[in-house]
A.B. asks: 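My structure is below; once you've seen it, I'll send some questions.
Keep in mind that the numbers below use all heavy atoms, side chains included, and drop hydrogens, waters and symmetry copies. Numbers restart at 1 for each chain; the letters A, B, ... are given by sequence-line order, proteins then strands.
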Protein chains: 2
Amino acid sequence: MPKSTFFNLHDSKRAKLLQAAEKEFARVPLSQASIANIVKLACVPRGSFYQYFHDKEDVFYYLLKLHTDKRRVYFLNVLKESNGDLMDSMDQVFRTMLIELTEEEHLKFLKNAVLNVTHEIEDSFTELFLGKQHEVDAVNQVRDLVDFDKLNIDSKQEFFHVMQILTSVTFRNIVDKLSRNLSHEEAIENFRIEMDLLRKGLSKANSEG
Amino acid sequence: MPKSTFFNLHDSKRAKLLQAAEKEFARVPLSQASIANIVKLACVPRGSFYQYFHDKEDVFYYLLKLHTDKRRVYFLNVLKESNGDLMDSMDQVFRTMLIELTEEEHLKFLKNAVLNVTHEIEDSFTELFLGKQHEVDAVNQVRDLVDFDKLNIDSKQEFFHVMQILTSVTFRNIVDKLSRNLSHEEAIENFRIEMDLLRKGLSKANSEG
DNA sequence: TATGTTAAATGACACCGTGTCATAAGTCAA
DNA sequence: TTGACTTATGACACGGTGTCATTTAACATA
């Protein structure tokens, strides 16, 4: 998290800093991004950067969090409007993300973020759907919206694992779309196939028994 | 890939280099590893390193490939011995990996690799099961071993997606185990729950129809 | 053995980025 | 105005990277 000094800044300067950082992280992946470029873009002296942030990872994950928070709100709304249909909602969010990724700036930022996946980023993706891990309130927020009659699970404890599975597969599909430069149609078709497989199950036994 | 010079080296020197590199990558994640340390450990001058490799990523991914190749052979054997039961084989490989991860050196290397997940690493994990992407032979090698009567899929084209799903979820479980320091029992239990969910399907509709 | 040719080894060096720190400049209350 | 505290600033020390000119080794050929 940025230092308190950062949050004491005028709105305009704060925005300027974030904008500069996002631009740099859109240019190259995290490991190649340089603080030198960020301060040049934002027109602030190098020392100031360290007044606001601990290091470049600090800004980077803060930016990512801003993105994630926005999407999470959207996800919760979709879930409401679909009367708690979890699979359909994942589908909807996946499609919306693909559309968002046509906006040049955000695309490049997210592309660099996602392709250069660190464990923290996959976690932040999970948070999109489940909220901050181990924060029970956030998990409940989703769980209360989900229509369990549409899910094939015995215990509410299994719900957590359902979300883990859906998140892993969805994330994978986003990464694939970006790394292989798939068209929207291809990406959606791939995702549809995998969601269908998840719905009906991979093992034949159950459709016989 | 390392340069040809590297492969012309005496076996002992090549091994020494790789051992030094693995030790450094076991110490810290890729981004923090330094070539300076590797050459110090291997007792070779700095310039030599660049005679053998393009950069540190080059050694790193080569090491990772050596690990992956070894596991892939094992996976194919398990698949044979289980008469093509895909789900059971994934289970078996997952358990074996957990056991391998008790060996200190390899644990730390893989932990750093997996936690600091880059897109390339998840890809290399997929290759473990599917072989190099777009190399048709490698995919067929697995597909020919799989018993399709145990799988709930209509077309062989769906097989690829089944593997994608299984790989994503398995990979996620390995990452979780390492990042949250789960015990073997917990990790196996989590994995079992998710594999069961995948088997039976997430959606209720199919168990009714 | 002498000679030429190619491959490999070596470490000094220029370059770049990081994070720190001493100092200067504000802010605000008494 | 003074003092206490917060923020700004940029020079600097440190460490890592990749290159390159030079040396050394390997080996073929006459």
A.B. asks: Quickly work out the A:L9 CG to D:dT9 C1' distance and round it to whole Å.
C.D. replies: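 Taking atom C1' of D:dT9 as the reference, CG of A:L9 is at 15 Å.
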A.B. asks: To the nearest Å, give me how far apart NZ (A:K40) and P (C:dT18) are.
C.D. replies: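 Whole-Å distance recorded here is 11 Å.
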A.B. asks: Would you please classify the geometry between the A:F6 ring and the A:Y62 ring as parallel, tilted or perpendicular, with 30° and 60° separating the classes?
C.D. replies: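 Judged by the thresholds at 30° and 60°, the geometry between A:Y62 and A:F6 is perpendicular.
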A.B. asks: Specify the separation, in whole Å, of atom CG of B:D58 and atom C1' of D:dG18.
C.D. replies: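 Distance check: B:D58 CG to D:dG18 C1' gives 14 Å.
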A.B. asks: Does a nitrogen or oxygen in the side chain of B:N8 sit under 4.0 Å from OP1 or OP2 of C:dA7?
C.D. replies: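 For C:dA7, OP1/OP2 do not have a side-chain N/O of B:N8 under 4.0 Å.
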A.B. asks: Counting side-chain heavy atoms from CB outward, which of C:dT18, C:dA9, D:dG16 is closest to B:T5?
C.D. replies: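 Given the options C:dT18, C:dA9, D:dG16, the side chain of B:T5 is closest to C:dA9.
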A.B. asks: Between B:S89 and B:S82, is there a side-chain donor-acceptor contact under 3.5 Å, judged purely by atom types and distance?
C.D. replies: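 Indeed, the side chains of B:S82 and B:S89 share at least one donor-acceptor pair under 3.5 Å.
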A.B. asks: Taking CG from A:L30 and C1' from C:dG17, how many angstroms apart are they, rounded to a whole number?
C.D. replies: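 It is 14 Å, rounded to the nearest whole Å.
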A.B. asks: Pick base, sugar-phosphate or nothing for B:S48, based on heavy-atom distances below 4.0 Å to the nucleic acid.
C.D. replies: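 Since a base atom lies under 4.0 Å of B:S48, the category is base.
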A.B. asks: Expressed in angstrom and rounded to an integer, what is the separation of B:Q32 atom CD from D:dG16 atom P?
C.D. replies: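 The distance from CD of B:Q32 to P of D:dG16 comes to 12 Å, rounded to the nearest Å.
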A.B. asks: Side chain of B:I35: nearest nucleotide among D:dG18, D:dG10, C:dT18?
C.D. replies: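 Between D:dG18, D:dG10, C:dT18, the one nearest the side chain of B:I35 would be D:dG18.
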A.B. asks: Check if the side chain of B:Q51 and the base of C:dA9 share a donor-acceptor pair of N or O atoms closer than 3.5 Å.
C.D. replies: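 Result: at least one qualifying N/O pair found.
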A.B. asks: What is the ring orientation for B:F125 with B:F129, classed by angle as parallel under 30°, tilted 30 to 60°, or perpendicular over 60°?
C.D. replies: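 Judged by the thresholds at 30° and 60°, the geometry between B:F125 and B:F129 is perpendicular.
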A.B. asks: Remember a base hit wins even if backbone is also touched, and classify A:K3 as base, sugar-phosphate or nothing at under 4.0 Å, heavy atoms.
C.D. replies: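 Contact class for A:K3: none.
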A.B. asks: Starting at atom CZ of A:F49, determine the distance to atom C1' of C:dG17, rounded to an integer number of angstrom.
C.D. replies: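 To the nearest whole Å, that distance equals 12 Å.
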A.B. asks: Could you state the OH-P distance from A:Y50 to C:dT18, rounded to the nearest angstrom?
C.D. replies: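 That distance rounds to 5 Å.
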A.B. asks: Below 6.0 angstrom between ring centroids: does that apply to A:F171 and A:F94?
C.D. replies: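 Judged by ring-centre distance (under 6.0 Å), A:F171 and A:F94 do not meet the cut-off.
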A.B. asks: Just wondering, are more than 12 heavy atoms of other shown residues or ligands nearer than 6.0 Å to CD in B:Q19?
C.D. replies: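 Incorrect, the count does not exceed 12.
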A.B. asks: Where each residue is assigned the nucleotide of DNA chain D containing its nearest heavy atom, which of A:Y52 and A:R46 is assigned the position nearer the 5′ end?
C.D. replies: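 Its nucleotide being nearer the 5' end, the pick is A:Y52.
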A.B. asks: Nearest whole Å is fine: how far is C:dG17 P from A:I38 CD1?
C.D. replies: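 To the nearest whole Å, that distance equals 12 Å.
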